[in-house]
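Let me begin by presenting the structure, written as structure tokens, before commenting on it.
Read the numbers this way: they start at 1 and go in the same order the structure lists the ligands and their atoms. We're numbering straight along the sequence, starting at 1.
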Amino acid sequence: MSIRSTTGAANARILGIGAYRPSRIVPNADVVDAIDSSDEWIQQRSGIKQRRWAMPEETVQMMSVAASRRALERAGIAPEQIDAVVVATVSHLLQTPAVATAVAHELGTNQAAAFDISAACAGFCHGVALGADMVRGGSAGHVLVIGVERLSDITDVHDRGTAFIFADGAGAAVIGPSEEPGIGPVVWGSDGEQFDLIRQREDWRDVVGSPGAPGSGVMPHLTMQGNPVFRWASFAMAKVSQQALDRAGVAIEDLDVFVPHQANMRIIDAMARSMKLPERVQVARDIAEQGNTSAASIPLALDRMIEEGTAKSGDTALFVAFGAGLAYAAQVVVVP
Ligand SMILES: CC(C)(COP(=O)(O)OP(=O)(O)OC[C@H]1O[C@@H](n2cnc3c(N)ncnc32)[C@H](O)[C@@H]1OP(=O)(O)O)[C@@H](O)C(=O)NCCC(=O)NCCS
């Protein structure tokens with residue numbers, strides 16, 4: 001007996017991008033006192049002028065649904081056509097169930113497969129890789145990939161190394177079949193030797209405690225060793241970017257748009273320099289207004305470029321994302 005296997009569409013592409021930016025704008029002036037810093041220091045070291053922190057009603061689910069509705073509208077795809085919802089996040093504060101199931105239900109999908117993935121700031125690019133493979137492999141006709149964070153919930157406002165960096169928001173992409181290849185091969189990997197560089201400070205058991213041993217009762221915030229992360233990202237990620245171009249067969253001269261994870265403006269500049277990115281390539285710099293939104297940063301940044309006209313439909317774009325784990329992923333895509 002042999003089991004029948006399936007194949008899907010010959011090619012996949014992103015059909016639409018959507019974003020949701022929380023309503024509350026937090027300028028540097030509002031974070032400096034708690035970390036004995038200054039607007040000038042923050043701008044010089046990170047390029048961040050302001051970030052957005054979600055209001056209580058702007059939950060992970062609410063922001064995901066809002067970004068997804070916009071992506072579906074732009075893609076011209078109805079919720080019932082979505083066969084799988086993949087949510088990349090580290091700030092849905094229920095260990096289980098996945099927020100993806102609630103998002104799939106609220107959107108009105110027809111009981112789409114729905115699950116969350118944990119790949120930190122690289123989560124959206126992992127989701128795009130999975131979505132493309134699902135469409136090509138035949139396990140889904142259309143896949144909704146969401147990157148969403150409410151990092152303000154897990155950021156210690158007194159921590160000098162992170163309080164000014166992390167922020168909230170959501171971005172979404174609808175992935176579906178395509179005549180031409182629209183999503184190149186993913187280059188992804190991990191370096192678990194550096195597991196502790198960016199991490200949730202305590203295990204949940206340290207917070208809750210065990211019988212006879214009370215826990216701290218304090219929310220486990222994110223911690224980061226900024227310097228090694230900075231050095232690793234600036235050099236290793238330029239190489240990963242080049243590998244993604246090579247695997248897609250795209251020369252750097254033919255690239256139109258570079259959308260790196262919005263971690264830090266100096267990392268973005270260092271990567272562009274080490275890749276010898278031609279001047280004409282448009283570079284995403286959403287971090288200045290939005291801060292580092294982890295899994296949401298790439299779709300948020302691309303959404304801004306589409307809105308402002310610096311990324312146009314049909315352009316060739318390079319995504320590269322990296323973060324806790326350390327985990328990373330990069331791919332070339334065609335702008336929807
Ligand atoms: C966080 C980051 C901006 C810090 O910049 P840095 O140059 O590495 O800063 P350092 O920690 O080496 O500190 C340099 C100096 O600034 C001071 N400093 C640190 N944080 C400060 C703050 N928030 N405000 C003012 N001064 C600060 C330090 O005390 C130190 O002072 P000293 O030289 O007198 O000892 C930088 O490391 C970074 O961007 N890292 C990568 C972050 C990132 O991308 N994370 C996400 C990955 S997904």
**Report entry** Part of F164 with heavy atoms under 4.0 Å of ligand 1, whether side chain, backbone, both or neither
**Finding:** side chain
Requested in this report: Heavy-atom distances under 4.0 Å are what count here, so tell me which part of I267 touches ligand 1: side chain, backbone, both or neither.
Outcome: side chain
Query - For R266, atoms of ligand 1 separated by under 4.0 Å from a heavy atom - result: 7 (O)
Report task. Could you list the atoms of ligand 1 found under 4.0 angstrom from a heavy atom of F322? Result ->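 Every atom of ligand 1 under 4.0 Å from some heavy atom of F322: 48 (S).
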Salt bridge or not between [X] and [Y]? Use side-chain N to carboxylate O under 4.0 Å.
X: D153; Y: R150; result: yes
X: E307; Y: R70; result: yes
X: D303; Y: R74; result: yes
X: D286; Y: R304; result: yes
X: K49; Y: D39; result: no

Give a yes or no on whether [atom] lies under 4.0 Å from any heavy atom of the protein.
atom: atom 31 (O) of ligand 1; answer: no
atom: atom 2 (C) of ligand 1; answer: no
atom: atom 41 (C) of ligand 1; answer: yes
atom: atom 34 (O) of ligand 1; answer: no
atom: atom 16 (O) of ligand 1; answer: yes

Nitrogen or oxygen atoms of [X] and ligand 1 under 3.5 Å apart:
X: H261; result: no
X: I165; result: no
X: R160; result: yes

Query raised in the report: Any side-chain donor paired with an acceptor under 3.5 Å for R51 and Q290?
Result: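 No donor-acceptor contact under 3.5 Å links the two side chains.
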Query raised in the report: Does a side chain donor of either D168 or S152 reach within less than 3.5 Å of an acceptor in the other side chain?
Result: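 Yes, because at least one side-chain N or O of D168 sits under 3.5 Å from a partner of the opposite role on S152.
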Query raised in the report: Counting heavy atoms not belonging to E180, are there more than 12 under 6.0 Å from its CD?
Result: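 Check fails, neighbour count at 12 or below.
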Query raised in the report: Checking side chain to side chain contact (heavy atoms under 4.5 Å, CB included) for the pair Q43/N28: CA distance, chi angles, key distance, verdict?
Result: CA-CA 9 Å; Q43 287 206 41; N28 287 344; 3.7 Å; yes
**Report entry** Plane angle bin for H126 and W188 - parallel if under 30°, tilted between 30 and 60°, otherwise perpendicular
**Finding:** tilted
If hydrogens are left out, which of [options] has an atom nearest to [atom], that is, the closest non-hydrogen atom?
atom: atom 38 (C) of ligand 1; options: V229, V32, I198, N264; value: N264
atom: atom 25 (C) of ligand 1; options: A321, G323, A122, S37; value: S37
atom: atom 46 (C) of ligand 1; options: N292, N227, V31, L197; value: N292
atom: atom 7 (O) of ligand 1; options: M265, E40, R45, Q44; value: R45

Identify the protein heavy atom lying closest to [atom], giving its residue, its atom name and the separation to 0.1 Å.
atom: atom 27 (C) of ligand 1; value: W41 CZ2, 3.2 Å
atom: atom 48 (S) of ligand 1; value: C121 SG, 3.1 Å
atom: atom 43 (C) of ligand 1; value: M224 SD, 3.8 Å
atom: atom 44 (O) of ligand 1; value: A263 CB, 3.1 Å

Query raised in the report: Donor-acceptor pair, Q200 side chain versus H221 backbone, under 3.5 Å?
Result: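 Checked: no pair found.
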Query raised in the report: How far does CZ of F230 sit from CZ of R45, to the nearest 0.5 angstrom?
Result: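 Spacing of CZ (F230) from CZ (R45) equals 9.0 Å.
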